[in-house]
Amino acid sequence: MKIKFNLYIIAASLSLVLLSLSSCKKYVEAKLATNLISKDDAFASDNSATSATLSLYSNYSFLNSIQYETWASGLSADELQNTTAVSDYVQFTQNVVSTTNGTSSNYIWGYSYQVIRYANLIIDGLDKTSGVSATVKNQLTGEAKFFRAFMFLNLVNLYGGVPLTTDPVELNNATKPRASVAEVYAQVISDLKDAQNLLPTAYVGTAALRVRVNKWAATALLARAYLYNKDYVNAEAEATKVIGAGTYTMATTANAFINTSSETILQLSSLYGASGFTSYRTTSSANNIVPPIFVLSGAFTKDFEMNDNRKTTWVDSTTYNVVKYYRINKYKVQTATASTLGNEYTVLLRLAEQYLIRAEARAQQSNITGAQADINIIRARAGLGNTTASTTAGLLTAVAKERKLELFGEYSHRWFDLKRMGLADAVLGSLKTTYKSSAQLFPIPSDQILLNANLTQNPGY
């Protein structure tokens, strides 16, 4: 299936933004390379500004940051295991992450801040231009603020308080100290509220594919931010807006991750229709095929109830050297080409999470019947009967279990849940002899502390 706009305009659009906006003065007058456009032209029109902003979706930094964050978090929790001897991955598995861990420094911290930098430059460029129409300016600014909020929300849950680098001038960000956790959440919520107000409810481009941020995507991420920040009233309210929008419905487990799924709120397009998470798969499920680098941990599948459609549809296995490995099977397209198009993208937000957010928020407010109703929607799709939980404590336990079995392999959900629900010490302490409470935050990369003397290290490192 073709899409009506191109999300792969990287060479020109990213280069023009980074080159033309990263300095505040022209200290040297020089001719631009032939593949670049000038600062004056970068945000001079709807088309050029749109090209620059679309680079947020397709650039290497964003996809790699969320890939490596997913793997590192899954290994740190009780979700994934690593089938290789790569030192960086072993450190996450054992919860003994070094301050020099390259995955943390380069892919998670470094790439996340690159995305934030791109967003800052786009927000600033749009703010200063008079050549972009109001409708397009609102759309693009809302998209950039969504991406900035997405990155900061991940960073604050991975590292604790982090520098709030919202200035488009890089030198002004270079020596910023760590903001408090509360300050980072305030920035995330402010950006997402702005995005809500700026973005339309309709999707730009091919609406059925849902590959551009709209108001409901911003609202869905805001519901998550409120839940993580323990603001249960607002978490329930924002999740209810998405659920009640009339735009999304729960898909079958078989169709939840195809690129026309009715459940998808936002997904990243790919050129030929294969997800960025095909690395969970190997070319065959036949025995004696080397398993993927990341597979489900050995005990994970034991939590599925009998006849749970999620296990049947989203998990498969392969045996290699007489060891059975359980693979994540949510995305089924291994490879796709121009002649063999796939039908999967990379899902960022989907409706099931909104029901789980609302269920948890309602349970925290002692709304027993409301929480039960939301949990039962998730369980019904999985082919299971209604929850038997009937108390606040019981419902919170039920939500934690449903989140584990519904959202596995998708970003850092399980790792963040264990920490914010106060379960990490009990769950991981019983599984890993090397686990300690201070491991709930990754260390600030040592190379960043060398560059910025105002950064402080997390306890335990």
Side-chain angles (χ1 to χ4, degrees), residues 73-74 77-79 153 157 219-244 248 250-251 253 256 263 265 296-297 299-306 308-311 314-315 330 347 349-428 430 440:
S73 295
D78 57 343
E79 184 175 76
L153 183 58
N157 280 281
T219 304
L221 190 60
L222 182 58
R224 183 192 295 178
Y226 278 133
L227 182 76
Y228 285 8
N229 204 32
K230 302 187 186 304
D231 183 344
Y232 302 117
V233 172
N234 278 315
E236 179 184 4
E238 299 304 323
T240 297
K241 291 176 186 177
V242 179
I243 293 167
Y248 315 102
M250 294 289 284
T253 51
E263 186 176 342
I265 300 170
L296 287 171
S297 64
F300 188 92
T301 58
K302 295 179 181 178
D303 277 355
F304 286 105
E305 296 174 37
M306 188 174 296
D308 190 326
N309 292 335
R310 294 172 295 194
K311 182 179 181 182
W314 295 347
V315 179
K330 288 182 171 178
V347 177
L349 296 165
R350 58 189 182 95
L351 184 61
E353 184 196 357
Q354 296 303 301
Y355 279 112
L356 290 167
I357 286 172
R358 193 169 72 174
E360 184 177 345
R362 285 175 166 177
Q364 290 285 1
Q365 298 172 83
S366 299
N367 180 351
I368 303 300
T369 57
Q372 289 172 328
D374 286 337
I375 292 172
N376 289 339
I377 288 172
I378 300 300
R379 289 179 60 82
R381 193 264 293 274
L384 303 174
N386 288 345
T387 181
T388 59
S390 58
T391 65
T392 295
L395 284 165
L396 291 174
T397 298
V399 168
K401 180 179 178 180
E402 294 302 329
R403 286 182 64 90
K404 176 182 180 180
L405 300 179
E406 180 69 30
L407 302 173
F408 66 91
E410 298 178 56
Y411 315 109
S412 295
H413 288 296
R414 180 60 176 170
W415 178 231
F416 292 171
D417 288 351
L418 287 174
K419 297 191 296 177
R420 66 184 184 79
M421 292 178 171
L423 302 173
D425 287 352
V427 171
L428 301 180
S430 65
Q440 291 185 36

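Position 1 is the first residue of the sequence; numbering continues from there. Quantities reported herein were computed from a predicted structural model and do not represent experimental measurements.
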Exercise for the section: Using side-chain contact (heavy atoms from CB on, under 4.5 Å) as the criterion, list what pairs up with A235, not counting sequence neighbours. Expected result: Y226, L227, I357, A361
Problem - Heavy-atom side-chain proximity of K404 to L418 below 4.5 angstrom - result: no
Practice task
For the residue pair L428 and D78, establish whether any side-chain heavy-atom pair is separated by less than 4.5 Å.
Solution key: yes
Practice task
Return yes if some donor-acceptor pair links the side-chain N/O of S412 with the main-chain N/O of W415 below 3.5 Å, else return no.
Solution key: no
Exercise for the section: Grab the two heavy atoms, one from W314 and one from T253, that are nearest each other, plus how far apart they are. Expected result: NE1-O, 2.9 Å
Handout entry: Sequence-distant partners of T388, side-chain contact (heavy atoms from CB on, under 4.5 Å), two or more places apart
Key = none
Exercise for the section: Provide the full list of salt bridge (Lys or Arg N to Asp or Glu O under 4.0 Å) pairs with a residue in residues 223-232, sequence neighbours left out, each pair given once. Expected result: R224-E353
Handout entry: Residues in ring pair (Phe, Tyr, Trp, His ring centres under 6.0 Å) contact with F300, at least two apart in sequence or another chain
Key = F408
Exercise for the section: Quick one: list whatever passes salt bridge (Lys or Arg N to Asp or Glu O under 4.0 Å) with K330, sequence neighbours left out. Expected result: E410
Problem - Which residues share a salt bridge (Lys or Arg N to Asp or Glu O under 4.0 Å) with D417, sequence neighbours left out - result: R403, R420
Practice task
Locate the shortest heavy-atom distance separating I375 from V399; write the atom from each residue and the value.
Solution key: CD1-CG2, 3.7 Å
Problem - Closest heavy-atom pair and its distance - T392, S366 - result: OG1-OG, 3.7 Å
Exercise for the section: Show the numbers, then the answer: is there a side chain to side chain donor-acceptor pair (under 3.5 Å) between Q440 and D425? Expected result: CA-CA 9 Å; Q440 291 185 36; D425 287 352; 3.1 Å; yes
Handout entry: Interatomic spacing from CG in L153 to CG in N229 - rounded to 0.5 Å
Key = 9.5 Å
Problem - Pairwise side-chain contact, V242 with L349, heavy-atom cut-off 4.5 Å (strictly under) - result: no
Exercise for the section: Specify the closest pair of heavy atoms between R414 and A77, including all atoms of both residues, with the distance to one decimal. Expected result: CG-CB, 4.0 Å
Exercise for the section: Could I get the full list of salt bridge (Lys or Arg N to Asp or Glu O under 4.0 Å) partners for K311, not counting sequence neighbours? Expected result: none
Completion exercise
Here the salt bridge (Lys or Arg N to Asp or Glu O under 4.0 Å) pairs for residues 375-387, sequence neighbours left out, are E263-R381, E305-R379, R379-E402, R381-E406
Practice task
Taking side-chain hydrogen bond (donor to acceptor under 3.5 Å, both in side chains) as the test, write out the residues that go with K241, two or more places apart.
Solution key: E238
Problem - Which residues share a ring pair (Phe, Tyr, Trp, His ring centres under 6.0 Å) with Y232, sequence neighbours left out - result: none
Practice task
For residues I368 and S390, report the shortest heavy-atom separation together with the two atoms involved.
Solution key: CG2-O, 3.7 Å
Exercise for the section: Could I get the full list of salt bridge (Lys or Arg N to Asp or Glu O under 4.0 Å) partners for E236, not counting sequence neighbours? Expected result: R362
Practice task
Take L351 and I243 through the side chain to side chain contact (heavy atoms under 4.5 Å, CB included) test and state the conclusion after the steps.
Solution key: CA-CA 7 Å; L351 184 61; I243 293 167; 4.0 Å; yes
Handout entry: Set of side-chain hydrogen bond (donor to acceptor under 3.5 Å, both in side chains) partners for T240, sequence neighbours left out
Key = R358
Exercise for the section: Could you tell me whether the side chain of M250 reaches within less than 4.5 Å of the side chain of Y355, counting heavy atoms only? Expected result: yes
Problem - Expected output: side-chain Q372 to main-chain A389 donor-acceptor under 3.5 Å - result: yes
Problem - Minimum-distance pair of heavy atoms, taken over all atoms of I265 and A220 - result: CD1-CB, 4.1 Å
Handout entry: Distance, nearest 0.5 Å, that separates OG1 of T387 from CD1 of I378
Key = 12.0 Å
